Amino acid sequence: GTEANAMQIAEVYGLTFDDFGTVERLTAGEAADFLKDDRIDAAFFTVGLGAAAIQDLALMKDIVIVEIDDEKAQELIDKYPYYTKEYIEEGVYKGVPKTQTVAVLAMLVGRSDLPEDLVYEFTKAVFDNIETIHEAHETGRHVTLDSALEGLPIDLHPGAERYFKEVGMLD
């Protein structure tokens, strides 16, 4: 996923991986370690805000998070609607000021052959207990009924569709 996100972000800036010289394909932890050891100059991360790999890196090295401005963020969202504009607030990572970036919208994906009633009950349970998600992680507060259908690149399961119709989110 991170590689696909990196290619999409590079694309809106008119770049390809060939423009970066050597490209390593690393996990978030490996990328942080390579940055710590000066084995790479930069890395793309698709991780939740406050990710331990970046927090640890920022404690050991001065880091810069490259801002994605409104124009490029909107260009990315227009082409790939599962992105959203996001800010990394000052203090999330040591030495990093408030920085505009983009985030990938989280989606729960299930097999199309799951029983409709099961998916309906699951979807209902999630939104009936949304405060648990809000309390579990700082970015969980972004999961709301109002935003649940934003940027969907695939069709809803009939069970989820039934729930969203029931709560007035769909006709």
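Since the model is a prediction, treat every value here as computed from it, not as a measurement.
Looking at Glu11 and Lys79, a side-chain N of the basic residue comes within less than 4.0 Å of a carboxylate O on the acidic one, giving a salt bridge. Using a cutoff of 4.0 Å between basic side-chain nitrogens and carboxylate oxygens, Asp62 and Lys94 are not scored as salt-bridged. Taking 4.0 Å as the cut-off between side-chain N and carboxylate O, Glu75 and Lys72 count as a salt-bridged pair. Using a 4.0 Å cut-off between a side-chain N of Lys or Arg and a carboxylate O of Asp or Glu, Asp171 and Lys165 do not qualify as a salt bridge.
Checking each of Asp56, Ile54, Leu59 against Tyr93 for a side chain to side chain contact (heavy atoms under 4.5 Å, CB included) leaves exactly one that passes, namely Ile54.
With a 6.0 Å radius and a threshold of 12 heavy atoms from other residues, nucleotides or ligands, Met60 has its CE atom at or below the threshold. For Lys85, the NZ atom sits in a packed shell: over 12 heavy atoms of surrounding residues, nucleotides or ligands are nearer than 6.0 Å.
Annotation: the span from Leu170 atom CG to Glu161 atom CD amounts to 6.0 Å, rounded to 0.5 Å. Note that CD of Glu116 is 11.0 Å distant from CD of Glu121, once rounded to the nearest 0.5 Å. Rounding to the nearest 0.5 Å gives a distance of 9.0 Å between OH of Tyr13 and CG of Leu76. Taking CD1 from Ile130 and CG from Leu145, the interatomic distance works out to 8.0 Å, rounded to the nearest 0.5 Å. The structure places CG of Asp33 at 7.0 Å from CZ of Arg39, a figure rounded to the nearest 0.5 Å. With rounding to the nearest 0.5 angstrom, the CG atom of Asp41 is 8.5 Å from the CG atom of Leu35.
Between Phe127 and Tyr163, the angle of the ring planes stays under 30°, which puts this pair in the parallel group of the 30/60° scheme. By the 30° and 60° cut-offs, the orientation of the rings of Tyr80 relative to Tyr83 is perpendicular.
Using modelled atom types and a 3.5 Å distance limit, the side chains of Gln100 and Tyr87 yield a donor-acceptor pair. In the model, Tyr120 has a side-chain atom that pairs as donor or acceptor with a side-chain atom of Glu166 under 3.5 Å.
The shortest heavy-atom contact between Ala51 and Val47 is CB-CG2, 3.4 Å.
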